[in-house]
Trainee: 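Questions regarding the structure given below will be posed in turn.
First the proteins, then the strands, lettered A, B, ... as listed; each starts at 1. If you're wondering where the values come from, they're calculated on a predicted model, not measured in any experiment.
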Amino acid sequence: MAKELTTREENYSQWYNDLVIKADLAENSAVRGSMVIKPYGYAIWEKMQAALDTMFKETGHQNAYFPLFIPKSFFSKEASHVEGFAKECAVVTHYRLKNDGKGGVIVDEDAKLEEELIVRPTSEAIIWDTYRKWIQSYRDLPLLINQWANVVRWEMRTRLFLRTSEFLWQEGHTAHSTKDEAIKEAELILDIYGKFAEEWIGVPVLKGIKSPNERFAGANETYCIEALMQDGKALQCGTSHFLGQNFAKAFDVKYLTKENKLEYVWATSWGVSTRLMGALVMAHSDDSGLVLPPKLAPIQVVIVPIYRKPEQLEAIREKVDGITKELKTKNISVKFDDRDTYKPGYKFAEWELKGVPIRLAIGPRDLENGTIEIARRDTLEKEVLQMADIAEKIDHLLVKIQDNIYQKALAFRDENTFYADTWDEFKDRVEKGGFVLAHWDETPETEVKIKDETKASIRLIPIDGKQEEGKCIFSGAPSKQRVVFARAY
RNA sequence: CGGGGUAUAGCGUAGUCCGGUUAGCGCGCCUGCUUUGGGAGCAGGAGGUCGCAGGUUCGAAUCCUGCUACCCCGACCA
């Protein structure tokens, strides 16, 4: 049929692309590298937003909104920050079009801006320029702000959700009176990201810090969470940066201490993006389609009626109404798929493709026996249950599915996490995919050489990682701790 | 930005080499009837600036030139 998926084994990235499009999550747009997020995909993103937003607010953060445009001069105040983003910025130079006299339009050269505007690739610059006015005293701190926004990074090669020129994200920007407090904030957010990834998306993540090479432009330390995808490649799922006083100094943001001394503030910034949608798809889905964790599924239960005559459909509808009401009181989202244009087999396949966690089927046989067929998307198992307490049973099953998806992903990661102690072993392991823990001499030169030769980068240096004597896999120099290598998206 | 490829209906494609009827097919779509426990069947129907702009020719989807977009492989990245 038209909706056949490429299998993961045939071509993993083709499978991913097919899946995103056929499950109706997103599609390519007329604009290079920019996608249209379709209602079903956006509904998942909204669920992600809601969960994260709640966690941010529970930890004292507030939402605000800053401009899309950043004056070019603002953007160049923090040197390493510019360097990191300069190559991928969209720039606004004019503010008006005019007729070209041939039925088209051209840029009106008379409408040239005095100063070009940069479409934000991230908002540190405009936000820190604003914070200068907001912060005077230690009483104004900490300042804990988050913004939900779109940003633009002019990427060379793009892939739906994983890397698009424009993407949606949240970016937190906080200001603190002490270094310690700022570091604690960066760590707190990392914990929130980790919790969200594991408990909502159902993806186990490693937590750690980035090597200086992989650090955010303008940060003193970058904390991150990394997940392993089914093809053995790593995906960075979120980052939290300790920015030191870099932006405070660049934008002259100072506060008066209790002792009436003028000090620069300490900063963090942190973000997760629609890339999480990519992680969600790649971590759990199979050759039949999407597998959504119940906590993020826009539709948690779909009910497919099976009938011959209109009277049967009406009898089924009556039963279904009862079930639907009960499920709704338990905050479970239900869809009754009573479309007359498709047969049950088609609907089963379609809802599997879309990853709905639980499917109920109800037909004349069930009406007679007081039963209902229940099918799990994660295991594709079917079972006929007594109708009594069905809402209760579904409620429990959703919890079970959420857990099973996570356990499966965790088992996969464990099976694909390796230790390497020799260079040959290392190269061999990296080739096969997965996380590879190995010793590293802590020099950027070695890191770059390893990447050149194996395409594997240091995904993270584990926080509180086990201290053990070892020798760098590449240079043989002494090392005190293993770091995590992998090929990455 | 470098290398390779593609562009024909909503989607997938045939035709292009070697110019010549009304551009063909599958899926999807619309109407009707029959169907409905794992991707329904039959009948009828709608839908095309052949990526864009020039050129060659009696005649261009087909040949030539330029442009644009997209895909794959590298360098950049959440």
Side-chain angles (χ1 to χ4, degrees), chain A residues 1-5 11 13-14 17-18 21-22 27-35 83-89 102 104 121-122 149-171 193 210 213-217 219 222 224-227 234-241 269-279 288-289 304-310 312-313 316 337-353 359-369 371-373 375 380 382 384 451-452 455 457 488-489:
Chain A
M1 289 300 288
K3 295 230 168 172
E4 283 296 315
L5 277 178
N11 184 339
S13 63
Q14 186 67 45
N17 260 332
D18 280 6
I21 289 166
K22 287 177 178 166
E27 63 188 31
N28 283 305
S29 73
V31 185
R32 193 201 79 103
S34 300
M35 64 178 170
E83 204 180 315
F85 288 102
K87 284 172 287 181
E88 51 187 38
C89 286
K102 290 180 271 184
T122 180
N150 58 338
V151 288
V152 169
R153 297 183 189 173
W154 214 262
E155 298 290 350
M156 308 268 179
R157 277 186 67 194
T158 58
R159 292 191 66 194
L160 293 167
F161 289 118
L162 296 174
R163 185 175 305 114
T164 47
S165 296
E166 178 187 1
F167 58 92
L168 306 183
W169 77 346
Q170 61 67 215
E171 48 181 327
Y193 286 164
K210 286 291 185 194
N213 266 353
E214 302 268 336
R215 214 176 261 159
F216 176 75
T222 289
C224 66
I225 53 172
E226 291 277 335
L235 184 71
Q236 179 171 305
C237 289
T239 47
S240 178
H241 315 288
S269 72
W270 28 275
V272 295
S273 70
T274 34
R275 176 178 252 200
L276 288 176
M277 295 284 294
S288 305
V304 176
I306 294 151
Y307 60 96
R308 285 165 197 278
K309 301 173 208 133
Q312 290 173 319
L313 177 59
I316 290 167
D337 184 2
D338 61 351
R339 289 175 298 175
D340 192 33
T341 41
Y342 299 106
K343 289 175 60 176
Y346 181 94
K347 294 177 184 176
F348 293 169
E350 178 171 312
W351 293 116
E352 272 162 21
L353 181 61
R359 181 187 74 231
L360 302 175
I362 178 164
R365 217 154 61 203
D366 296 300
L367 291 182
E368 222 166 278
N369 304 333
T371 57
I372 193 158
E373 185 190 85
L380 293 171
K382 285 194 287 197
V384 175
K451 193 172 180 184
D452 285 348
K455 289 185 191 161
S457 51
Y489 276 96

Trainee: Check for a donor-acceptor pair, side chain of R275(A) on one end and backbone N or O of L162(A) on the other, with a separation under 3.5 Å.
Mentor: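 Flag set: sc R275(A) to bb L162(A) pair under 3.5 Å.
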
Trainee: What is the distance, to the nearest angstrom, from the CG atom on L313(A) to the P atom on U35(B)?
Mentor: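 Whole-Å distance recorded here is 16 Å.
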
Trainee: Rounded to the nearest 0.5 Å, how far apart are CZ of F216(A) and OG1 of T122(A)?
Mentor: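 So the CZ of F216(A) and the OG1 of T122(A) are separated by 4.5 Å.
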
Trainee: Please name the pair of heavy atoms, one in C237(A) and one in V272(A), separated by the smallest distance, quoted to 0.1 Å.
Mentor: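 Closest heavy-atom pair between C237(A) and V272(A): O-CG1, 3.5 Å.
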
Trainee: For RNA chain B, what dot-bracket results from Watson-Crick or G-U pairs at under 3.5 Å, with [ ] for crossers and | for inter-strand partners?
Mentor: (((((((..((((......[...)))).((((((.....)))))).....(((((..]....))))))))))))....

Trainee: OP1 or OP2 of G37(B) sitting under 4.0 Å from any side-chain N/O of R365(A)?
Mentor: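 No, no such contact exists.
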
Trainee: Taking the same atom, C1', in C71(B) and in C30(B), what whole-Å distance lies between them?
Mentor: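 Comparing C1' positions in C71(B) and C30(B) gives a spacing of 33 Å.
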
Trainee: Between P on C71(B) and CG on N11(A), what's the gap in Å once rounded to a whole number?
Mentor: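 So the CG-P distance, N11(A) to C71(B), works out to 15 Å.
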
Trainee: Within 45° of the axis and under 6.0 Å from the centre of the six-membered ring of Y489(A), does NZ or CZ of R163(A) qualify?
Mentor: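 No, R163(A) does not sit over the ring of Y489(A).
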
Trainee: Using the side chain to side chain donor-acceptor pair (under 3.5 Å) rule, pick out the option among H241(A), R215(A), Q236(A) that qualifies with T222(A).
Mentor: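 That would be H241(A); it is the only one of H241(A), R215(A), Q236(A) passing the side chain to side chain donor-acceptor pair (under 3.5 Å) with T222(A).
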
Trainee: So, the side chain of K22(A) versus the backbone of G289(A): is there a donor-acceptor pair under 3.5 Å, distance only?
Mentor: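 No; zero donor-acceptor contacts below 3.5 Å.
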
Trainee: So which one's nearest nucleotide on RNA chain B is more toward 5', V384(A) or T158(A)?
Mentor: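 That would be V384(A).
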
Trainee: Provide the distance between the two P atoms, one in C64(B) and one in U6(B), to the nearest whole Å.
Mentor: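 Result for the P pair: 14 Å, nearest Å.
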
Trainee: Provide, to the nearest angstrom, the distance between the CD atom belonging to E27(A) and the P atom belonging to G10(B).
Mentor: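 Atom CD in E27(A) sits about 14 Å away from atom P in G10(B).
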
Trainee: One thing to verify: whether E226(A) and K210(A) come together as a salt bridge, which I'm taking to mean a side-chain N less than 4.0 angstrom from a carboxylate O.
Mentor: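 Result for this pair is yes, salt bridge flagged.
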
Trainee: Is atom CH2 of W154(A) surrounded by more than 12 heavy atoms (other residues, nucleotides or ligands) closer than 6.0 Å?
Mentor: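 Atom CH2 in W154(A) is not packed in, count stays at 12 or less.
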
Trainee: Please state the C1' separation for the pair A60(B) and C50(B) - nearest whole angstrom.
Mentor: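 Straight-line distance between the two C1' atoms is 11 Å.
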
Trainee: With a 4.0 Å cut-off on heavy atoms, is R359(A) in touch with a base, just the backbone sugar-phosphate, or nothing at all?
Mentor: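 Touches a base.
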
Trainee: Below 3.5 Å is the cut-off: list the nitrogen or oxygen pairs between protein and nucleotides 74-78 of chain B, distance only.
Mentor:
{"from": "C76(B)", "atom 1": "O2", "to": "E155(A)", "atom 2": "OE1", "distance (Å)": "3.3"}
{"from": "C77(B)", "atom 1": "O2'", "to": "E155(A)", "atom 2": "OE2", "distance (Å)": "3.3"}
{"from": "C77(B)", "atom 1": "O2", "to": "R163(A)", "atom 2": "NE", "distance (Å)": "2.4"}
{"from": "C77(B)", "atom 1": "O2", "to": "R163(A)", "atom 2": "NH2", "distance (Å)": "3.1"}
{"from": "C77(B)", "atom 1": "N3", "to": "R163(A)", "atom 2": "NE", "distance (Å)": "3.2"}
{"from": "C77(B)", "atom 1": "N3", "to": "R163(A)", "atom 2": "NH2", "distance (Å)": "2.5"}
{"from": "A78(B)", "atom 1": "O3'", "to": "Q236(A)", "atom 2": "NE2", "distance (Å)": "2.2"}
{"from": "A78(B)", "atom 1": "O2'", "to": "R275(A)", "atom 2": "NE", "distance (Å)": "3.3"}
{"from": "A78(B)", "atom 1": "O2'", "to": "R275(A)", "atom 2": "NH1", "distance (Å)": "2.8"}
{"from": "A78(B)", "atom 1": "N6", "to": "T164(A)", "atom 2": "N", "distance (Å)": "3.3"}
{"from": "A78(B)", "atom 1": "N6", "to": "T164(A)", "atom 2": "O", "distance (Å)": "2.6"}
{"from": "A78(B)", "atom 1": "N3", "to": "S273(A)", "atom 2": "OG", "distance (Å)": "3.2"}

Trainee: Look at the side chain of N17(A) and decide which nucleotide, out of U35(B), C72(B), G38(B), has an atom nearest to it.
Mentor: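 Comparing U35(B), C72(B), G38(B) against the side chain of N17(A), the answer is C72(B).
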
Trainee: Please report the distance, rounded to the nearest Å, between NZ in K347(A) and C1' in A40(B).
Mentor: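 Going from K347(A) (NZ) to A40(B) (C1'), I get 13 Å.
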
Trainee: With sugar-phosphate meaning primed atoms plus P, OP1 and OP2, does P364(A) contact a base, only sugar-phosphate, or nothing at under 4.0 Å between heavy atoms?
Mentor: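 If one applies the 4.0 Å heavy-atom cut-off, P364(A) turns out to touch a base.
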
Trainee: When the distance from CD1 of I316(A) to P of G37(B) is rounded to whole Å, what number comes out?
Mentor: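 Rounded to whole Å, this separation is 12 Å.
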
Trainee: Quantified in whole Å, what is the C1' atom distance between nucleotide A46(B) and nucleotide U31(B)?
Mentor: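 Nearest-Å result for A46(B) against U31(B) at atom C1': 10 Å.
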
Trainee: OH of Y307(A) versus P of G38(B): gap in Å, rounded?
Mentor: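 Interatomic distance, OH of Y307(A) to P of G38(B): 15 Å.
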
Trainee: Considering all heavy atoms of both residues, which atom of A361(A) and which atom of D366(A) are nearest to each other, and what is their separation?
Mentor: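 Closest heavy-atom pair between A361(A) and D366(A): O-OD2, 3.7 Å.
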
Trainee: Decide yes or no, distance alone: a donor-acceptor N/O pair under 3.5 angstrom between the base of G38(B) and the side-chain of K382(A).
Mentor: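 Result: at least one qualifying N/O pair found.
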
Trainee: Base, sugar-phosphate or nothing for G271(A)? Non-hydrogen atoms, less than 4.0 Å.
Mentor: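 Nothing: the residue G271(A), judged by heavy atoms under 4.0 Å, touches no strand.
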
Trainee: Please give the distance between the P atoms of G5(B) and C42(B) as a whole number of Å.
Mentor: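 To the nearest whole Å, 42 Å.
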
Trainee: Quantified in whole Å, what is the P atom distance between nucleotide G48(B) and nucleotide C11(B)?
Mentor: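 Their P atoms lie roughly 13 Å apart.
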
Trainee: Calculate the interatomic distance between L353(A) atom CG and G38(B) atom C1'; express it in whole Å.
Mentor: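 Rounded to whole Å, this separation is 14 Å.
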
Trainee: Nearest-nucleotide wise, let me know which of Y342(A) and E352(A) is further upstream toward the 5' end of RNA chain B.
Mentor: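 Between the two, 5'-proximity favours Y342(A).
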
Trainee: More than 12 non-hydrogen atoms from neighbouring residues, nucleotides or ligands closer than 6.0 Å to CD on E83(A), yes or no?
Mentor: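 Open.
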
Trainee: Starting at CD1 of I21(A) and ending at C1' of G12(B), how long is that distance when rounded to a whole Å?
Mentor: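 That distance rounds to 13 Å.
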
Trainee: What heavy-atom pair brings I316(A) and I306(A) nearest, and what distance separates the two atoms?
Mentor: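 Shortest heavy-atom separation between I316(A) and I306(A) comes out as CD1-O, 3.2 Å.
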
Trainee: What integer number of Å spans the C1' atoms of U13(B) and G74(B)?
Mentor: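 It works out to 30 Å between them.
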
